[in-house]
Amino acid sequence: MSESSSGNAPMSSLKLYMRLLGYVRPYWLMFVVSLAGYILFALTQPMMAALLKYFVDGLANPEQGVMALPVLGDIQLLYGVPLALLFITAWQGVGSFLGGYYLARVSLGLVQDLRLALFDSLLKLPNRYFDQHASGHLISRITFNVTMVTGAATDALKVMVREGLTVIFLFGYLLWMNWKLTLVMVAILPVISLMVRVASKRFRSQSRKIQGAMGELTHVASETIQGYRVVRSFGGERYESERFYKASDDNTRKQLKMTRTSASYTPLLQFVTYTGMALLMFLVLLLRGDATVGDLVAYITAAGLLPKPIRQLSEVSSTIQKGLAGAESIFDQLDEQPEVDTGTLERDRVEGRIDVQNLSFTYPGTDKQVLNDISFTIAPGQMVALVGRSGSGKSTLANLIPRFYQHTSGKILLDGVDVEQYRLNNLRQHIALVTQQVTLFNDTIQNNIAYGDLASTPKEDVEKAAADAYAAEFIERLPEGYMTLVGENGVLLSGGQRQRLAIARALLKDAPLLILDEATSALDTESERHIQAALDKVVEGRTTIVIAHRLSTIEKADLILVMDQGQIVERGNHIELLAANGYYARLHNQDFAELSDGPSERLDGEGETFT
Ligand code: ATP
Ligand code: MG
């Protein structure tokens, strides 16, 4: 899986900054307050330098010299200097608090907004996006990459504003004291800016790689955690351990590489700054002129205060680039096209008539046609069974009706209207779907049945749905009944119980169209019987498309569509198809012969059999 979604060209820094700034807009007032705080803070640095001038001048004559202080007026240096120091420190404290606190509010708000936007985009992205991006990478984007932006938005922004302003004010003070001398320092600026530019580029690309590596790490870990049973029963421990080691080692290496860049960059920059300082000192000593010792000390002190904030600024550049790389991947996802939802039609209730006309489909990004010229009609209330080999396209066909994928040619009509003309939300309201792999949430049974739009359904209705799905019996036997937690994806339940919960959920939705993709996993006879009974109940009074593996289900269907390699090769009911003595009859004889006296009358198989 790729680390950045669509391989877009990297966004330019300026564009990224501007876009991030757009997220700051709602917090502009806090931002202004914090900026004001940091201005207060940064102003204290030249003040300290200036105070030194009074101190040095005062050393000669503490009682006679005077300084002007706000509020207190002219005051002897003996008292003035210490008082001024206290005043400056208090001032600095206020500035530091205002700046730090309000900037944190801005940046944490920004991060929160980004995280929410990222999560919401997940709810709107088309199926295709999830096919192409491993969940580990998507999760790592929400957890790790967002943290990188937090780093940039909190610490880095703080240092940037605070130290940046400090540098500016110190520089201003120096210019004011002696602009000619100070211009010597200006000469090194181009060198510094060149270094910053080169380093930033490397930081960004290295950080992008680190974030990709982190995604891979999450991906391997989550796969192993989810598949721990398979890992253990097939002896995959070594393979997984090596895979994880590789991902982790890769991550460590990339981090080290980045550290190497930043660790060599800081001393280099320091060297350049101090070269400027050295030159300055040389000039000061050489051209001392008529300045007082106090002036000179203050000047050199102010100049000496410069390298520290410059160093901090340079160190923070790697954090900023990490954040920008994180923001880049976040914006990449936010820029993905959401599911196409251009339809405008909304219906309260549909009858459930389905017309599929010349439907063909190829999964995006592949070139194998999975559905080829499919046509059929289902009258309201009828039940259609799709049967065919594994991989013949049954689930794909089922996924196209609620528009989980965009079909390429042909039409699907619901009540005579193209499904593309319905608003997606509305279309999906009319369809209850039981997928091949049951999805349960780590919540109570009650909340799993009454999920989503159904969340506010009264308890009695939930219980009725559970009873109709033949689930009530096992639920009531659980120690906490409907309040029992089912574990992650329902691990605390049996396969048959999970399926019955999924059916109960579909029943509760009471949609006119039911699509049921039966699981192929083996069930015990008892569960089989229950599920069969539940299905008989479910299909009453609604249009049903069932992808069937059980003979008992298939026999009851009004119409059986036999699929092979994306095409409908035969159609008719059970009797007709047997009489036709074609594809269906052949498969029936092959696969049912040995099953018909078995306990569970199933059509199941691994690829070559009839599923
Ligand atoms: P089964 O009975 O085993 O569930 P099926 O008839 O439901 O099989 P589909 O899941 O529709 O089969 O798959 C049909 C074909 O489409 C297969 O060849 C499969 O490789 C391919 N396919 C399925 N899902 C995707 C996807 N998300 N992206 C690309 N190809 C896919
Ligand atoms: Mg399938």
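We use all heavy atoms of the structure for the numbers below, so side chains are in, but hydrogens, waters and symmetry mates are not. Remember, it's 1-based here, ligands and their atoms both numbered in the order they're listed.
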| said: Does any part of the side chain of Y363, heavy atoms only, come nearer than 4.5 Å to the side chain of R128, both counted from C-beta? | reply: no
| query | Taking all atoms of both residues into account, what is the closest heavy-atom pair of K394 and I547, and its distance? | reply | O-CD1, 3.5 Å
| message | Can you tell me which portion of V370 lies within the under-4.0 Å heavy-atom range of ligand 1? Options are side chain, backbone, both, or neither. | response | side chain
| request: Would you confirm whether E576, through its side chain, and N573, through its main-chain N or O, come within 3.5 Å as a donor-acceptor pair? | output: yes
| message | If the cut-off is 2.8 Å, does any N/O/S atom of T396 fall short of it from the Mg ion (ligand 2)? | response | no
| note | Of Q132, R128, K394, the one whose closest heavy atom lies nearest atom 2 (O) of ligand 1 is K394
| said: Nearest non-hydrogen contact with atom 18 (O) of ligand 1 belongs to which option: K368, M563, Q565? | reply: K368
| Per-atom contacts of ligand 1 with Y405, taking only distances under 4.0 Å to non-hydrogen atoms | 27 (N)
| task | Would you mind reporting whether L20 and L324 have side-chain heavy atoms less than 4.5 Å apart? | result | yes
| How about R204 and E328: do any of their side-chain heavy atoms sit closer than 4.5 Å? | yes
| task | List every atom of ligand 1 that sits less than 4.0 Å from any heavy atom of S395, numbering the atoms from 1 in the order shown and giving each element. | result | 4 (O), 5 (P), 7 (O), 10 (O), 11 (O)
| Which bit of F404 is near ligand 1, meaning a heavy atom under 4.0 Å away: side chain, backbone, both or neither? | neither
| query | Just going by heavy-atom distances, which of D517, D131, T366, T396 is nearest to atom 11 (O) of ligand 1? | reply | T396
| said: I'd like to know if the side chain of S375 reaches the main chain of N358, judged simply by a donor and an acceptor atom lying under 3.5 Å from each other, with no hydrogens or angles considered. | reply: yes
| field | Shortest non-hydrogen contact between Y470 and R500, atoms and distance | value | O-NH1, 2.8 Å
| said: If I take every N, O or S atom of S395, is at least one of them less than 2.8 Å from the Mg ion (ligand 2)? | reply: yes
| said: So, regarding Q436 and ligand 1 (criterion: nitrogen or oxygen to nitrogen or oxygen, under 3.5 Å), is there a contact or not? | reply: yes
| said: Under a 3.5 Å distance rule, please check whether R505 uses its side chain to pair with a backbone N or O of A450 as donor and acceptor. | reply: no
| remark: Ranking F361, F130, Y363 by closest non-hydrogen atom to atom 28 (N) of ligand 1, top hit is Y363
| message | Any nitrogen or oxygen of G388, side chain or backbone, less than 3.5 Å from one on ligand 1? | response | no
